[in-house]
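Reviewing the structure listed below.
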Amino acid sequence: MPAPEQDIFQGMRTRCDQTPAWRALQVHFEQAGKHLDVRDAFAADPSRYQAFSQEAPHVFADLSRNRIDASTEALLFDLARQCGLEQQRHAMWTGQAINTTEQRAVLHHLLRQPAGVAADSNAPPLVAQAQGDVHTTLHAMLAYADSVRQDARITDIVSIGIGGSGLGPSMAVTALEEHWQSGQRVHFVSNVDGLELGSLLRRLRPESTLFLIASKTFTTAETMVNAHAARDWFLAHGGSTDTQAALPLARHFVALTTNVDAARGFGITTTFGFWDWVGGRFSLWSAIGLPIAVAVGSKVFCQLLAGAHAMDTHFYSAPLEHNLPVRLGLLDVWYRNFHSFSSRCIAPYSHGLRRLSAYLQQLEMESNGKGVDWRGQALPYATAPAVWGEPGTNGQHAFFQMIHQGQDIIPVEFIVLRQGGRDLPEQHPRLVANALAQAQALMLGRPSCCGHRHFSGNRPSTVLVLERLDATSLGALLALYEHRIFVSGALWGINSFDQWGVELGKQLASNLEPRLASGDVQGLDAATAGLLQRLRAGVT
Ligand SMILES: O=P(O)(O)OC[C@H]1O[C@](O)(CO)[C@@H](O)[C@@H]1O
C-alpha cells in the first residue's frame with residue numbers, strides 16, 4: 001500500500017460517508033426516500049418519464065420506475081461532487097496510477113480511442129506511448145484475424161482463458177452471432193474440469209484447429225493446465241515443436257498476453273500483447289478480443305470499439321446531471337447504502353445477450369466487491385450488490401416469482417432491443433411486450449387483491465433500450481457498465497481495479513492439490529482434512 005504522503009488521491013477524493021451530502025441523504029431517506037411510491041410520483045408529475053429518461057450514445061435509459069425523485073438525484077449529484085468524482089474520472093483519463101495497490105494506470109478507454117487524438121497535456125508520457133502501441137497492436141491483430149478467417153484450412157478456433165480472458169470474448173461472440181460469416185467455429189474453454197476441453201478435443205483435428213491462449217499473466221493455473229493439455233493433445237496427434245515440421249505448434253498456437261517470455265517458453269512464437277494498464281475484466285477491447293475479431297471480422301470489431309468510444313466520450317464530457325453512467329452509478333449507491341438492496345437482476349430480453357449476466361458478474365463484483373477503502377481502512381457500509389440474471393423471457397418462468405412477491409426488493413434492469421434479429425422477426429413484438437409487462441407489473445402491482453394474488457408493486461426497475469443488437473450498440477452498452485461501476489467505486493472510496501480477494505483461494509488450491517495425491521492432511525483444519533480424505537479416492 002502507498003504511504004499516506006504518496007496518496008495520489010490526496011485532496012481529490014473524499015469517502016462518501018465523510019461528506020455533508022451523505023448526511024443529507026440519510027435525512028432525506030428517513031423523511032421521504034424510503035416512503036417514495038413510484039405510482040404516486042407518476043400521479044404527481046406527468047413529466048416523470050421524460051425527467052428520468054436519459055439519452056446516451058446508442059443506449060436510451062428509462063429510470064422513471066426507480067425509487068428516486070428530483071431531490072434524491074440532486075443530493076446524489078452533490079455527493080458525487082463532494083466525493084471528487086470528476087477529479088477521479090480525470091485522473092483515470094489522464095493515466096494517473098489510480099490502481100494504487102498495483103501502482104498501475106487504468107486506461108482501457110485508450111483501447112477504443114481513434115488514432116490521432118492528442119494526449120492530455122497533464123498526462124504522463126506513458127499515455128502518448130500507450131496510444132501508439134494500441135494502434136500498432138490493433139492493426140497487427142486485426143490483420144491476423146482476417147487472415148485466419150480466410151484460411152480454409154482452419155475450421156475451429158479454441159480460445160483458452162478464464163475470468164476476464166474468457167467471459168468478455170465469449171459473451172461478445174455469442175451476442176454478435178449474426179456476424180459470423182466465415183463458417184469457422186469459435187469455442188471457449190475456461191474450466192479446469194477436463195470435461196470442457198476433453199469433450200471438445202474429441203471433435204477436433206489438430207491440422208484444422210487454431211488455439212488462442214488468452215491470459216494476461218500467462219500464469220493462471222486453470223488456463224495453463226488447459227493450455228498444456230491442448231499442447232499435449234496436439235503433439236500426440238502429429239504436431240511438432242519443430243517450426244519446419246508439417247504440423248508445427250508455432251502455427252497452431254497463438255498467445256494473447258502481457259507475458260511474452262512465458263508464451264515463448266511454451267513454444268509460441270506469435271503473440272499479441274497488451275499492457276499492465278488494462279485490467280483483466282476490462283480487456284476484451286485489447287488482444288484478448290482476438291477471438292471476437294476472428295469470429296466477426298476486423299470491420300465489425302472496429303464497430304464494437306467505436307460504440308464503446310462514443311460512450312467514453314459521453315461519460316467524460318456530459319454534465320453529471322445528464323450523464324448516463326453517472327446517473328446509474330449514483331442509483332446503485334442509493335439502493336445499496338440507503339435502501340439496503342443487496343442484489344440487482346440483469347434481464348436482457350435478447351437471446352444474443354444470454355452471457356451478459358455472467359460477464360457483468362465479474363465486471364461489477366470483482367471490481368466493487370471490496371471491504372476497505374483505497375487506504376486499506378475498513379468500510380462501515382456495503383459495496384457491490386450481487387449481480388445475477390438470465391435472459392427474458394426465460395427468467396419469468398424461473399425466478400421472477402420472487403422478484404414480484406418475495407420479501408426482498410430486487411431492482412431489475414431490463415435490456416430491450418427496438419429491432420429484433422433476422423430470425424423469426426415476427427416473434428420480436430412478443431418479446432418486447434413481455435419486457436414491458438414485467439416492468440409494468442413490478443411497478444403497478446395488484447394491491448387490491450389479497451392473499452396469494454396480492455402484488456405490492458412499487459418494485460423498482462430500469463429499462464435500457466438499444467436500437468438493435470449490433471457491434472456498435474454492444475460496445476456502448478459494455479462501456480456504460482464499465483463507467484457506471486467506476487462511479488459507484490469512486491464514491492465508495494475503493495480500488496475498483498484490483499482483485500486481492502481471489503488470491504487466497506488460488507494459494508490454498510495449489511497447497512491442496514499435491515495433498516490429494518499424497519493423502520497428507522497434516523496441519524489442515526478438520527473439515528478440509530475430512531473432505532480431502534473422502535475425495536481423494538476419486539483422484540488417485
Ligand atoms: O488473464 P489471466 O492472467 O489468466 O487472469 C484471468 C483472471 O484471473 C483473475 O486475475 C482473478 O480471477 C481475473 O481478474 C482475471 O480476469
Side-chain angles (χ1 to χ4, degrees), residues 98-108 111 137 141 158-173 188-193 196-197 211-231 253-266 268 271-292 355-371 383-384 386-387 478 481-482 485-486 489 494-510:
I98 63 165
N99 175 355
T100 46
T101 61
E102 298 177 309
Q103 302 292 335
R104 289 176 184 164
V106 175
L107 286 167
H108 45 269
L111 298 166
T137 306
M141 158 189 156
V158 181
S159 181
I160 298 179
I162 197 165
S165 297
L167 287 165
S170 71
M171 174 274 299
V173 167
F188 291 90
V189 174
S190 294
N191 204 327
V192 75
D193 183 341
E196 190 173 18
L197 179 62
F211 290 96
L212 307 177
I213 313 301
S215 175
K216 179 176 173 181
T217 55
F218 223 79
T219 59
T220 300
E222 295 92 326
T223 300
M224 289 302 106
V225 167
N226 278 326
H228 280 280
R231 186 181 190 273
F253 282 74
V254 166
L256 319 175
T257 187
T258 58
N259 190 349
V260 179
D261 291 342
R264 197 176 301 117
F266 184 92
I268 292 179
T271 296
F272 295 96
F274 56 112
W275 308 274
D276 68 1
W277 46 261
V278 184
R281 51 194 174 273
F282 303 91
S283 65
L284 74 89
W285 324 97
S286 72
I288 291 293
L290 182 63
I292 310 172
R355 295 287 298 153
L356 183 69
S357 304
Y359 166 77
L360 292 179
Q361 278 171 347
Q362 186 201 17
L363 193 66
E364 185 151 352
M365 292 159 80
E366 195 167 86
S367 296
N368 284 351
K370 308 282 165 68
T383 56
V387 175
L478 302 181
Y481 277 103
E482 289 179 349
I485 288 164
F486 173 84
I494 58 183
N495 182 353
S496 298
F497 302 101
D498 60 11
Q499 55 284 320
W500 297 105
V502 297
E503 292 306 317
L504 179 60
K506 285 185 194 173
Q507 284 161 17
L508 295 180
S510 39

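Everything quoted here is computed from the prediction, not taken from an experiment. Atoms within each ligand, like the ligands themselves, are counted from 1 in listed order.
When only non-hydrogen protein atoms are considered, atom 10 (O) of ligand 1 lies nearest to Lys506 NZ, 3.9 Å. Looking at atom 11 (C) of ligand 1, its nearest protein heavy atom turns out to be Val502 CG2, 3.4 Å. The protein atom (non-hydrogen) at minimum distance from atom 2 (P) of ligand 1 is Thr220 OG1, 3.2 Å. Scanning the protein heavy atoms around atom 13 (C) of ligand 1, the nearest turns out to be Glu366 OE1, 3.4 Å.
With a 4.0 Å heavy-atom cut-off, ligand 1 is reached by the backbone of Lys216 and by its side chain too. Heavy atoms from both the backbone and the side chain of Thr217 come within less than 4.0 Å of ligand 1.
Near Ile162, the atoms of ligand 1 lying under 4.0 angstrom from a non-hydrogen atom of the residue are 6 (C), 7 (C). Atoms of ligand 1 lying under 4.0 Å from at least one heavy atom of Ser165, given by number and element, are 1 (O), 2 (P). Close approach to Gly164 involves these atoms of ligand 1, each under 4.0 Å from a residue heavy atom: 15 (C), 16 (O). For ligand 1, the atoms closer than 4.0 angstrom to any heavy atom of Gln499 are 14 (O). With ligand atoms numbered from 1 in the order given, ligand 1 contributes 16 (O) to contacts under 4.0 Å with heavy atoms of Gly163.
Taking 4.5 Å as the limit, some side-chain heavy atom of Val173 sits within range of a side-chain heavy atom of Phe188.
For ligand 1, the polar-atom distance check finds no N/O of Gly280 at less than 3.5 Å from any of the ligand's N/O atoms.
No hydrogens or angles considered: nothing links the side chains of Thr217 and Asn259 as a donor-acceptor pair under 3.5 Å.
Using a distance-only test at 3.5 Å, with no hydrogens or angles considered, no donor-acceptor pair links the side chain of Glu366 to the main chain of Leu363.
A cation-pi arrangement is present between Arg231 and Phe266 under the rule of less than 6.0 angstrom and at most 45 degrees off the ring axis.
Of the residues listed (Gln499, Gln361, His108), the one engaging Arg281 in a side-chain hydrogen bond (donor to acceptor under 3.5 Å, both in side chains) is Gln499, and it is the only one. Under the side chain to side chain contact (heavy atoms under 4.5 Å, CB included) test applied with Val278, the options Leu111, Leu284, Thr258 reduce to a single match, Leu111.
Here the OG-CD distance, from Ser357 to Glu364, works out to 11.5 Å after rounding to the nearest 0.5 Å.
Using bins of under 30°, 30° to 60° and over 60° for the plane-to-plane angle, the ring pair Phe497/Phe282 lands in the tilted bin.
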